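Working notes, structure below.
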Amino acid sequence: MKSRVINVKGAEVTIATRHGQDYISLTDMLKAKDGDFFISDWLRNRNTVEFLGIWESVYNPDFNYGEFATIKSQAGLNSYKISVKEWVEKTNAIGLQATAGRYGGTYAHKDIAFEFGMWISAEFKIYLIKEFQRLKDEESRATSLEWSFQRTLAKVNYKIHTDAIKERLIPPRLTKAQTSAVYASEADLLNVALFGITAAQWRQANPDLAGNMRDAATLEQLVVLSNLESINALLIHQHLSSSDRLTQLNAIAITQMRSLVGSDTLRRLPGTGTQKGIAK
């Protein structure tokens, strides 16, 4: 679980990321509410129950509509009361979560948390959305800079890589077309070592994607790619054959990808799918 904190009208509000979704602490939000107020009071309201039911019907295929209908029929009655834990257990809801531990409390998906903000005050809701969006903008900029740095690093290392090819692999008096073919062959050697396919095979499998297979690569793949380019340059200087270099580079790619995929240091970019044929 990854968590961050934003300050909303003097209240520190925790945001936790679970399964790729942002959940906001309703427990923290209550600190900004004047007077005694409990989440169960909000949950017993009929309008709240109807909103939660609609949200779950849109995003939760396992939502228990039978139990929801029973709860909805009782919502708003003076004798009716339900806790978040009971709501989740009875309806199999995913929009609300009651947790224990260091970041314990009641959390709600951001859509629901924004709705809950109105129960604090209209002003609080506006500032909550404002601070949440500021946080997401900062995270987006940081991710973009991180990816750009790795892409630039890969390009710089590729220059070292191509210089080694020119010195060791290209025979004298080759035509420009022949030279380009040698460069393309070495680039695909790296592609096969890391992705398991050539650039042409990737393009054939992904005709609707813009750019090339390296533009669609993850941060982990770009880091390994930059490493492979430098290592391949050294192997070229050692006069190893293409087949021997491919075997070594593939083994290195497998080892490094296994290490990086399990690391929290690098994050997978939103919207980048796993390449077909990636080293496993």
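If you're wondering where the values come from, they're calculated on a predicted model, not measured in any experiment.
- No path of Ile, Leu, Val, Met, Phe, Trp and Tyr side chains, each step under 4.5 Å between heavy atoms, connects Val5 with Ile15, placing them in separate hydrophobic clusters.
- Salt-bridge check for Glu12 with Lys31: failed, with every basic side-chain N at 4.0 Å or more from each acidic carboxylate O.
- Ring centers of Tyr59 and Trp55: under 6.0 Å apart, within the cut-off.
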### Task
Using the side chain to side chain contact (heavy atoms under 4.5 Å, CB included) rule, take Val88 and Lys85 through it: C-alpha gap first, then chi angles, then the decisive distance, then the call.
CA-CA 5 Å; Val88 172; Lys85 183 178 180 181; over 6 Å; no
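- Phe124 contributes atom CZ, which lies 10.5 Å from atom CD1 of Ile129 (distance to the nearest 0.5 angstrom).
- Taking the side chain as every heavy atom from C-beta outward, Gln221 and Val224 never approach each other to under 4.5 Å.
- Taking hydrophobic clusters as Ile, Leu, Val, Met, Phe, Trp and Tyr residues chained together by side-chain heavy-atom distances below 4.5 Å, Ile71 shares a cluster with Tyr65.
- Nearest heavy-atom pair across Leu190 and Arg214 is CB-NH2, 4.1 Å.
- Formation of a donor-acceptor pair under 3.5 Å by the Arg203 side chain with backbone atoms of Asn206 is found in this model.
- Residues Glu67 and Asn92 are not in side-chain contact: their nearest non-hydrogen atoms beyond the backbone lie 4.5 Å or more apart.
- A donor-acceptor pair shorter than 3.5 Å can be found between the side chains of Ser241 and Asp244.
- Residue pairs meeting the side chain to side chain donor-acceptor pair (under 3.5 Å) criterion with at least one partner in residues 124-135, sequence neighbours excluded, are Glu131-Arg134, Gln133-Asp137, Arg134-Glu138.
- Ring orientation note: the planes of Trp119 and Trp42 are nearly perpendicular, at an angle over 60° on the 30°/60° scale.
- Hydrophobic clustering, with ILVMFWY side chains joined whenever heavy atoms are under 4.5 angstrom apart, groups Val58 together with Phe51.
- For the atom pair CD of Glu50 and NZ of Lys72, the computed distance is 4.5 Å after rounding to the nearest 0.5 Å.
- In this structure, the side chains of Gln74 and Ile82 stay at 4.5 Å or more apart for every pair of heavy atoms.
- Between His109 and Tyr23, the two ring planes are perpendicular [angle over 60°; tilted spans 30° to 60°].
- Inspection of the Asn232 and Arg245 side chains reveals an N or O donor paired with an N or O acceptor under 3.5 Å.
- Under the 4.5 Å side-chain criterion, counting only non-hydrogen atoms from C-beta, Leu128 is in contact with Ile6.
- Using a 4.5 Å cut-off on side-chain heavy atoms (C-beta onward), Asn191 and Thr198 make no contact.
- At distances below 3.5 Å, not a single donor-acceptor pair connects side-chain atoms of Arg44 with backbone N or O atoms of Ala75.
- Taking hydrophobic clusters as Ile, Leu, Val, Met, Phe, Trp and Tyr residues chained together by side-chain heavy-atom distances below 4.5 Å, Leu43 shares a cluster with Tyr80.
- Counting only distance, with no hydrogens or angles, the side chain of Asp28 and the backbone of Val13 share no donor-acceptor pair below 3.5 Å.
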### Message
Set out, in order, the CA-CA distance, both residues' side-chain angles and the distance that settles side chain to side chain contact (heavy atoms under 4.5 Å, CB included) for Leu52 and Trp87, then state yes or no.
### Response
CA-CA 10 Å; Leu52 293 176; Trp87 164 260; 3.7 Å; yes
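- Few gaps surround NZ on Lys136; more than 12 heavy atoms of other groups in view lie less than 6.0 Å from it.
- The CG atom of Asp62 lies 8.0 Å from the CD1 atom of Ile94; values are rounded to the nearest 0.5 Å.
- Taking CG of Leu135 as the start and CD of Glu139 as the end, the distance is 4.0 Å to the nearest 0.5 Å.
- In this structure, a donor-acceptor pair under 3.5 Å is absent between the side chains of Asn64 and Thr91.
- Leu26 is not listed as a side-chain neighbour of Tyr107, based on a closest heavy-atom distance of 4.5 Å or more.
- Within the model, atoms CD1 of Ile54 and CD of Glu56 stand 11.5 Å from one another, a figure rounded to the nearest 0.5 Å.
- In this structure the side chain of Val192 never reaches within 4.5 angstrom of the side chain of Ile197, judged on heavy atoms.
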### Task
Test Ile24 against Phe116 for side chain to side chain contact (heavy atoms under 4.5 Å, CB included), laying out the working first.
CA-CA 10 Å; Ile24 301 176; Phe116 181 77; over 6 Å; no
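- Counting heavy atoms from C-beta outward, Thr27 and Thr14 have side chains that stay 4.5 Å or more apart.
- Using the six-membered ring where Trp is involved, Phe68 and Phe63 have ring planes that are tilted, between 30° and 60° apart.
- Minimum heavy-atom separation, Leu30 to Ile39: CD1-CG1, 3.6 Å.
- No donor-acceptor pair under 3.5 Å is formed between the side chain of Gln97 and the backbone N or O of Ala108.
- The line from CG of Leu246 to CD of Glu186 is 10.0 Å long, rounded to the nearest 0.5 Å.
- Closest approach of Ala253 and Ala193 over heavy atoms only: CB-O, 3.6 Å.
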### Task
For Thr70 and Lys90, run side chain to side chain contact (heavy atoms under 4.5 Å, CB included): C-alpha distance rounded to whole Å, both residues' side-chain angles, the deciding distance at 0.1 Å, then the answer.
CA-CA 10 Å; Thr70 300; Lys90 290 182 178 180; over 6 Å; no
